[in-house]
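Residue numbers begin at 1 in each chain, while the letters A, B, ... track the order of the sequences. This is a predicted model, so every value here is computed, not measured.
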There are 2 protein chains.
Amino acid sequence: MTTTATGSRVLPHPAREEIRLEAVLHALSDPMRLRIVRDLARDEDELSCSYFDLPVTKSTTTHHFRVLREAGVIRQVYRGTAKMNGLRRDDLDALFPGLLDALLDAAGRQAARLGTAGDA
Amino acid sequence: MTTTATGSRVLPHPAREEIRLEAVLHALSDPMRLRIVRDLARDEDELSCSYFDLPVTKSTTTHHFRVLREAGVIRQVYRGTAKMNGLRRDDLDALFPGLLDALLDAAGRQAARLGTAGDA
DNA sequence: ACCGTACTACGATGGCTATCGTACGAGTCG
DNA sequence: CGACTCGTACGATAGCCATCGTAGTACGGT
């Protein structure tokens, strides 16, 4: 089989209806996770975990990605040895129209204001 | 003095520029505080702390109001024995245009969806 | 088969925080 | 003044959480 059995490593995601606003806000209230989400939003495509060069260890990075996934903010899929991450724009927009864009805009404005390079 | 010396009890608020998005999101990630903010947004006017009938003790209520104030979400002023609370709409809208409305809309939608009575 | 890479799991740790209870200060009304 | 209401301060407690290190698993290439 050329199509590797990626099916054995499925990650649990909350269904759209399971996503809670408080959990999303909590997930985004951490600077590291907010940064991840901003990066994900910039590249419309999925990104591997190792793409991010965060100032924390890999263990902590894994932790942050899990929090984001369990809050319903991102979708994670294994592709070979890499784990690809993508924003759950569709679900978030359906549940909370305009919220994600407002949050990303707010984060961008603050980054620009504080000189925290990395804004679009 | 008929004009009571309300000046001796001034509460520290962050300046507009001091408000951090992460702190706002963290403040709003608590169900109790999100509920307070929704109530404040509904009545355009200021509300006293005792207006809210939260399922926690008074000490905890005080704590939540302080978190909201220190995050820059609300403004608190003493008026006699009561402490009036109001949303810092102007500052938040200036820093993060559209964010507060998106958050309130999201909270309202979730409340309606989950049957958590209390939405507008 | 072997190794390297990518990510995870588990345990530990220190810090934050939501909650409470009690005791107190500030203000109003009789 | 005295009593009552509103809110605060302080201490305690229990739970969560961001972080780390180490050891381990899964996959792909050689």
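Side-chain atoms of B:E46 do not come within 3.5 Å of backbone N or O of B:M84 as any donor-acceptor pair. Here the side chain of B:R113 pairs a donor or acceptor atom with the backbone of A:E17 at under 3.5 angstrom. Side chain of B:N85 to backbone of B:Q76: no donor-acceptor contact under 3.5 angstrom is found.
For B:R79 and D:dG7, the CZ to C1' distance is 16 Å, given to the nearest whole Å. Per the geometry, NZ belonging to B:K58 stands 17 Å off P belonging to D:dC10, to the nearest Å. In this structure, A:L28 places its CG atom 16 Å from C1' of D:dC17, rounding to the nearest Å. Summarising the geometry, the separation between CZ on A:F52 and C1' on C:dC7 is reported as 14 Å, rounded to the nearest angstrom. The CZ-C1' distance, from A:R35 to D:dA18, rounds to 16 Å in whole Å. Atom-to-atom, CD of A:E22 to P of D:dC16 comes out at 16 Å; the value is rounded to the nearest Å. When rounded to the nearest whole Å, the span between CG of B:L47 and P of D:dG7 equals 11 Å. In this structure, the CD atom of B:Q76 is 16 Å from the P atom of D:dC6, given to the nearest Å.
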List the atom pairs, with distances to 0.1 Å, where a side-chain N or O of residues 90-100 of chain B and a protein N or O form a donor-acceptor pair under 3.5 Å, not counting sequence neighbours.
from	atom 1	to	atom 2	distance (Å)
B:D90	OD1	B:R75	NH2	3.4
B:D91	OD1	B:R16	NE	2.6
B:D91	OD1	B:R16	NH2	3.0
B:D91	OD2	B:R75	NH2	3.1
B:D91	OD2	B:R88	NE	3.0
B:D91	OD2	B:R88	NH2	3.0

Find every protein N or O atom lying less than 3.5 Å from an N or O atom of nucleotides 9-12 of chain C, and list the pairs.
from	atom 1	to	atom 2	distance (Å)
C:dA9	N6	A:S59	OG	3.4

Give me, pair by pair, the N or O atoms of the protein and of nucleotides 14-18 of chain C that are less than 3.5 Å apart, along with how far apart they are.
from	atom 1	to	atom 2	distance (Å)
C:dA18	OP1	B:R33	NH2	3.3
C:dA18	OP2	B:R33	NH1	2.9
C:dA18	OP2	B:H63	NE2	2.8

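When all heavy atoms are compared, the tightest approach of B:A71 to B:V24 is O-CG2, 3.7 Å. Considering every non-hydrogen atom in both A:F52 and A:D39, the closest pair reads CE2-CB, 3.4 Å. The two residues A:I36 and A:L68 make their nearest non-hydrogen contact at CG2-CD1, 3.9 Å. A:G108 and A:R38 make their closest contact through CA-NH1, 3.4 Å (heavy atoms, listed as atom of the first residue, atom of the second, distance).
Between A:T57 and D:dC20 there is a side-chain polar atom (N or O) within less than 4.0 angstrom of OP1 or OP2.
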Next item on the list: Please report the C-alpha distance between B:T62 and B:S59 in whole Å, then the side-chain angles of each, then the deciding distance to 0.1 Å, and finally whether the side-chain hydrogen bond (donor to acceptor under 3.5 Å, both in side chains) criterion is met.
Entry: CA-CA 5 Å; B:T62 298; B:S59 313; over 6 Å; no
